[in-house]
There are 2 protein chains.
Amino acid sequence: MTEHHVLELERFLPYRLSILSNTISQAIAREYEQRFELSVTEWRVMAVLGRYEGLSAVDVAVRTAMDKVAVSRALTRLVQAGRVKRTLADRDKRRSVLALTSKGWKIYDQVAPAALEHERQLLSTLDAEERAWLEKILIKLGTEGIGAMNAAVTTR
Amino acid sequence: MTEHHVLELERFLPYRLSILSNTISQAIAREYEQRFELSVTEWRVMAVLGRYEGLSAVDVAVRTAMDKVAVSRALTRLVQAGRVKRTLADRDKRRSVLALTSKGWKIYDQVAPAALEHERQLLSTLDAEERAWLEKILIKLGTEGIGAMNAAVTTR
DNA sequence: GCTTTATAGTTTCATTTGAAACCATTTGCA
DNA sequence: TGCAAATGGTTTCAAATGAAACTATAAAGC
């Protein structure tokens with residue numbers, strides 16, 4: 001009598017989060033991908049450069065949680081397309097100093113508001129109380145929750 | 001004086017969900033990827049086959065939210081490795097009928113409990129009230145929220 | 001029954017991705 | 001100073017991925 005410990009994918013939190021996240025990201029990306037010929041990775045790079053000027057490639061990688069190879073490739077395309085300006089830091093010739101060009105800003109100024117509007121629409125289905133809980137829960141999962149998972153593994 | 005409508009990635013819900021989801025999935029996958037030489041897609045296929053016997057490849061694709069090419073490839077490897085048995089349906093020779101082999105079950109019986117344990121650890125940082133809200137919010141976002149986003153786009 | 005259309009699944013090809021190796025510059029320190 | 005280790009970034013190579021074309025079988029229309 002084999003009794004198996006069954007996992008129901010559709011109730012499994014990591015799976016549900018993955019589906020939800022991908023569906024949301026795709027919905028937003030659909031908007032700008034063909035319209036501006038902009039990949040998700042490129043957009044993420046532009047997004048942080050719109051927020052913080054003068055970052056290096058590694059800084060961008062940290063802020064976007066992308067790996068540096070992906071950032072390097074995205075930057076190559078963005079510089080190529082005249083959307084980002086790259087110069088070398090005076091004091092450290094390894095580091096690049098990055099900023100959106102005016103062409104880059106023009107795209108940013110169309111994509112960023114659209115993205116925020118999407119977020120607003122998404123959240124419009126939650127009331128204030130639910131949003132507050134969501135905020136709290138996301139923070140908790142990100143800080144303690146993931147730590148708890150990893151701790152359970154690495155101590156084995 | 002150009003005033004830009006700035007998007008802060010670290011406060012942007014889609015981005016935060018993406019990071020959270022990827023971090024969680026990676027933490028779990030790390031566990032079984034080398035240990036069983038099992039990719040995430042392969043594991044997802046095995047997970048639904050552990051839950052429902054006799055599905056076809058398309059059925060698996062629907063339940064895992066993967067595309068059928070990915071499922072086809074995962075199945076090729078799983079059958080190859082003797083972890084899944086594939087036969088043809090009598091009434092419809094196009095459809096395959098899939099099931100875990102005993103070898104497949106052995107792996108399932110190790111991976112599924114580990115995955116559930118990870119989920120438990122992750123959720124252990126939330127109290128009952130928070131978990132209830134999370135459940136409610138996830139459902140709401142998945143049903144209404146995504147619809148609201150898409151509606152806002154397609155009516156433009 | 002025969003032809004068109006739909007469905008299940010695989011293969012092909014081009015693109016994306018990631019890990020590791022790599023080059024250049026800078027930093028630490030004997 | 002001078003040499004080892006670290007850091008910023010790019011390139012290379014192999015594997016993963018996705019779209020579209022393709023094969024085989026089944027269902028529908030006439």
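When reading the values below, keep in mind they use all heavy atoms of this one structure, side chains included, and skip hydrogens, waters and symmetry mates. To find a chain, count down the sequence lines: A is the first, B the second, and so on, and within it residues start at 1.
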Between A/L13 and B/L123, does the side-chain contact (heavy atoms from CB on, under 4.5 Å) criterion hold? Intermediate values first, please. CA-CA 9 Å; A/L13 181 61; B/L123 287 172; 3.7 Å; yes
If the condition is salt bridge (charged side-chain N to carboxylate O under 4.0 Å, His left out), which residues does A/R63 pass it with, not counting sequence neighbours? none
Can you give one letter per nucleotide of nucleotides 2-11 of chain D, 5' to 3': B if a protein heavy atom sits under 4.0 Å from the base, S if only from the sugar-phosphate, - if neither? ----BBSBBB
From CZ of B/R77 over to P of D/dA16, roughly how many Å is that when rounded to an integer? 6 Å
Would A/W43 and A/Y108 count as a close aromatic pair, with their ring centres under 6.0 Å? yes
Between C/dG9 atom C1' and B/L55 atom CG, what is the distance in whole Å? 15 Å
Quick one: does any side-chain atom of A/T125 pair with a main-chain N or O of A/L122 as donor and acceptor, under 3.5 Å? yes
Parallel, tilted or perpendicular: which one describes the rings of B/W133 and A/W133, with boundaries at 30° and 60°? parallel
Nearest-angstrom distance from the residue atom CZ of B/R30 to C1' of C/dA19: 16 Å
Please report the distance, rounded to the nearest Å, between CG in A/L88 and P in C/dT25. 10 Å
Do B/I146 and A/L20 touch side chain to side chain, with heavy atoms closer than 4.5 Å? yes
Would you mind reading off the distance between B/E37 atom CD and D/dA15 atom P, rounded to a whole angstrom? 12 Å
Rounded off to whole Å, could you give me the CD-to-P distance for the B/E42 and D/dT17 pair? 10 Å
